[in-house]
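I have placed the structure first, in the form of structure tokens, so that the comments after it can refer back to it.
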There are 2 protein chains.
Amino acid sequence: MTNNYELYKVFYWAAKTGSLSQAAKALYLTQPSVSHAIKQLEDRLGLTLFYRTSKGVALTQEGAVLYSYIEQSQILITLAEEKMTALKNLDSGELRIGGSDSLFKHYLLPYLEQFHERYPGVKLHLNHGTTPEIITFLKEGRIDLGVIRMPIVDAQLQVRESFQLQDCFVAGSRYGELKGKVLSLAELLQYPIILFSRNSRARMGITELFQSYGHSIKPEIEVGSVDLLTEFAKRGLGISYVTRQFVSKELEEGSLFEIQLDVTLPPAHVGILTMKNMPLSTAARGFMELIR
Amino acid sequence: MTNNYELYKVFYWAAKTGSLSQAAKALYLTQPSVSHAIKQLEDRLGLTLFYRTSKGVALTQEGAVLYSYIEQSQILITLAEEKMTALKNLDSGELRIGGSDSLFKHYLLPYLEQFHERYPGVKLHLNHGTTPEIITFLKEGRIDLGVIRMPIVDAQLQVRESFQLQDCFVAGSRYGELKGKVLSLAELLQYPIILFSRNSRARMGITELFQSYGHSIKPEIEVGSVDLLTEFAKRGLGISYVTRQFVSKELEEGSLFEIQLDVTLPPAHVGILTMKNMPLSTAARGFMELIR
DNA sequence: AGGAGATATAAATCTCATCTATGACCAATA
DNA sequence: TATTGGTCATAGATGAGATTTATATCTCCT
């Protein structure tokens with residue numbers, strides 16, 4: 001059955017308008033073309049589909065049966081095309097991003113707001129998780145892009161470096177005497193240290209750094225969120241290792257201050273992860289462009 | 001939007017099989033052809049529909065949305081094609097016949113039985129009515145064919161003469177003395193006559209016939225069905241004017257006998273009516289062939 | 001390293017959908 | 001009754017584009 005589905009479109013319009021000429025107009029064809037197409041369909045099906053009269057065409061019984069099916073089919077295709085246009089124009093669709101809590105809150109939020117304002121039809125799905133989880137989500141196709149702390153080495157992933165983050169140690173008024181001083185790592189370790197929980201990338205980074213200088217950093221307190229790091233430091237429970245940009249408000253208002261060190265803490269980068277060799281959804285592409 | 005719906009068929013199979021090569025096989029095309037078609041569809045929609053991998057293709061988010069619509073659409077087309085095949089083969093469909101009660105019962109019944117046995121999937125619709133009603137039904141497209149008593153003159157109708165009917169006068173044992181005799185019309189009119197009701201064709205025919213011989217026939221009793229004509233004659237209420245073929249059983253068993261006349265009653269014909277210049281449904285064509 | 005599978009690309013081919021031109025038919029006018 | 005304006009059908013010419021063949025590229029698996 002090498003049926004050309006194009007014929008059904010012609011049939012649909014002929015039946016709908018009750019006129020081959022009108023169908024031709026609707027399809028931007030000529031009347032003989034439509035006439036020929038209908039004849040072809042009739043030949044292939046082995047049935048007469050229309051009565052031809054001097055003022056148009058009318059469906060036969062059998063044509064009417066066919067129409068009841070084809071009409072639905074055509075409506076679905078029309079809906080599909082509308083949906084596709086909507087997806088293309090970002091009037092519809094969804095954007096699924098994976099990232100850590102803190103990155104969402106402190107880094108992505110303004111972009112997400114901006115994106116949502118510009119494309120209110122696109123649904124946002126934010127998936128929180130650790131870096132390995134994010135990568136798994138990405139590989140399983142459950143998110144369109146991941147936002148994580150660099151570096152990442154994975155052959156399947158496309159990485160785009162974005163924003164630069166600077167980590168630092170901060171304290172509250174309880175340790176006010178340290179303001180303005182420059183501490184060595186050994187001196188710093190005299191004070192109670194508050195770090196993010198063990199499995200985070202920032203934690204791993206700072207642990208390695210201290211080791212490379214011959215020190216071992218053991219936190220007094222371990223917490224599970226950036227907010228708690230900030231809160232604990234403010235209340236004088238210790239010195240927190242945080243990302244400077246994530247506490248800029250506290251630094252400005254003076255509820256926290258940065259501890260100067262005699263070594264330079266290496267900057268970290270935020271990386272935007274996508275699957276290599278896989279096309280981005282239109283929504284994801286739109287978002288990538290926005291944060292460029 | 002000069003969208004070739006054929007592309008959706010290709011898309012459907014590519015998505016369904018998850019492989020352009022397999023889709024090509026299913027569609028009796030080559031792989032490059034399918035590859036090209038998909039690319040074209042993607043270009044027209046402005047969206048990427050598939051991820052290409054080394055072991056086939058997989059739908060993108062947007063492709064999956066499209067598929068949800070197209071799948072339904074294609075299924076409907078498949079169903080439509082199956083239905084059309086069934087209609088063509090008379091595994092399905094309906095046959096709508098209009099006719100008089102007596103013609104159905106005495107003339108059409110065996111054909112209808114035969115037709116139903118041969119094409120059990122075709123539904124039969126029998127519409128009873130007078131000749132003018134039948135013609136109206138036909139012109140309104142409510143029946144496929146009409147079975148009526150000839151003659152009919154109507155430019156819009158196609159008439160096919162069929163069976164020949166012979167009308168005659170019959171009586172029961174009450175008038176046994178007439179058996180074997182040959183009566184003139186005048187003699188016949190001495191007896192009470194039972195005729196079919198005024199609007200029937202048979203009634204009009206016999207009235208005209210008597211008039212052409214200078215007589216006027218006025219029935220003692222008028223009835224509305226052939227069955228009553230028979231019953232009344234049997235019970236001796238008068239002499240009924242009936243179609244010989246419709247009372248063959250009674251003539252055989254002797255409960256009625258035919259009255260011989262000195263004039264010949266003209267035979268009537270059964271005509272099969274269809275609309276001129278309008279294609280017959282497959283079912284109707286099948287039936288016409290059967291009763292040839 | 002090589003083979004077997006997948007898809008992509010390029011250029012040549014040829015089908016067949018479409019067009020123009022015309023005919024035939026019908027209905028409603030003048 | 002002839003005319004006009006609408007319908008669909010038919011025939012032949014044409015050209016766009018679908019399809020094919022041949023080849024490249026890539027990935028996975030042995």
Side-chain angles (χ1 to χ4, degrees), chain A residues 1-44 47-60 63 139 141 154-158 275-279, chain B residues 1-44 48-60 63 139 154-158 275-279:
Chain A
M1 250 223 264
T2 310
N3 251 324
N4 192 326
Y5 284 22
E6 201 67 7
L7 296 180
Y8 290 123
K9 182 163 65 176
V10 178
F11 167 77
Y12 172 67
W13 282 98
K16 188 176 169 170
T17 61
S19 153
L20 300 195
S21 323
Q22 298 228 167
K25 252 180 221 161
L27 295 163
Y28 304 103
L29 293 175
T30 58
Q31 171 269 315
S33 183
V34 172
S35 175
H36 185 241
I38 296 298
K39 186 156 193 304
Q40 213 175 134
L41 185 59
E42 286 181 328
D43 287 350
R44 292 192 188 179
L47 293 167
T48 306
L49 299 171
F50 289 103
Y51 300 116
R52 276 78 165 171
T53 78
S54 68
K55 50 165 140 351
V57 293
L59 287 167
T60 60
K139 291 186 179 171
D154 191 313
Q156 289 182 64
L157 300 181
Q158 177 76 256
M275 289 299 286
K276 195 178 278 182
N277 300 328
M278 288 238 175
Chain B
M1 255 242 246
T2 310
N3 248 325
N4 193 325
Y5 283 24
E6 201 67 7
L7 296 179
Y8 290 122
K9 182 164 63 175
V10 179
F11 168 77
Y12 172 69
W13 282 98
K16 189 176 169 170
T17 61
S19 152
L20 301 194
S21 322
Q22 296 223 177
K25 251 180 222 160
L27 294 163
Y28 302 102
L29 293 175
T30 59
Q31 171 267 318
S33 183
V34 172
S35 174
H36 185 242
I38 295 297
K39 189 158 192 305
Q40 213 174 136
L41 185 58
E42 287 181 326
D43 286 350
R44 292 191 188 181
T48 306
L49 300 171
F50 289 104
Y51 299 116
R52 276 76 165 172
T53 77
S54 67
K55 51 166 144 341
V57 294
L59 287 167
T60 61
K139 291 186 179 172
D154 190 312
Q156 289 182 63
L157 299 181
Q158 178 75 257
M275 290 297 287
K276 195 179 278 181
N277 300 328
M278 287 239 175

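Throughout, protein chains are lettered first and strands after them, A, B, ... in sequence-line order, and every chain is numbered starting at 1. Atom set for the values below is all heavy atoms of this structure, side chains included, hydrogens, waters and symmetry mates excluded.
Rounding to the nearest 0.5 angstrom, the gap separating the CZ atom in A/Phe11 from the CG atom in A/Leu49 is 5.5 Å. Taken from CG in A/Leu27 to NZ in A/Lys9, the straight-line distance is 6.5 Å, to the nearest 0.5 Å. Atoms CG and CD, from B/Leu7 and A/Glu6 in turn, are 8.5 Å apart once rounded to the nearest 0.5 Å. With values rounded to the nearest 0.5 angstrom, A/Met275 atom CE is found 9.0 Å from B/Tyr51 atom OH.
Residues from residues 32-40 of chain A placing a heavy atom under 4.0 Å of any atom in DNA chain D, listed by number, are A/Pro32, A/Ser35, A/Lys39. Residues from residues 12-20 of chain B with heavy atoms under 4.0 angstrom of DNA chain C, sorted by number: B/Ser19, B/Leu20.
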Could you pull out every donor-acceptor pair under 3.5 Å between side chains of residues 14-24 of chain A and any protein atom, sequence neighbours left out?
unit_1  : atom_1 : unit_2  : atom_2 : d
A/Lys16 : NZ     : A/Tyr12 : OH     : 3.4
A/Thr17 : OG1    : A/Trp13 : O      : 2.7
A/Thr17 : OG1    : A/Ser19 : N      : 3.4
A/Thr17 : OG1    : A/Ser19 : O      : 3.0
A/Ser19 : OG     : A/Ser21 : N      : 3.2
A/Ser19 : OG     : A/Gln22 : N      : 3.0

Can you give the donor-acceptor pairs under 3.5 Å from side chains of residues 33-41 of chain B to other protein atoms, not counting sequence neighbours?
unit_1  : atom_1 : unit_2  : atom_2 : d
B/Gln40 : OE1    : B/Arg44 : NH2    : 2.7

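Remark: the backbone N or O of A/Thr48 is paired with a side-chain donor or acceptor of A/Thr60 at under 3.5 angstrom.
For DNA chain D, the contact window with chain A, defined by any atom under 4.0 Å from a protein heavy atom, covers D/dT7 to D/dT10 in 5' to 3' order. Bounding nucleotides for the chain A contact on DNA chain C, 5' to 3', at a heavy-atom distance below 4.0 Å, are C/dA17 to C/dA27.
Within the nucleic acid shown, A/Ser21 comes within 4.0 Å of sugar-phosphate atoms alone, with no base atom in reach, counting heavy atoms only.
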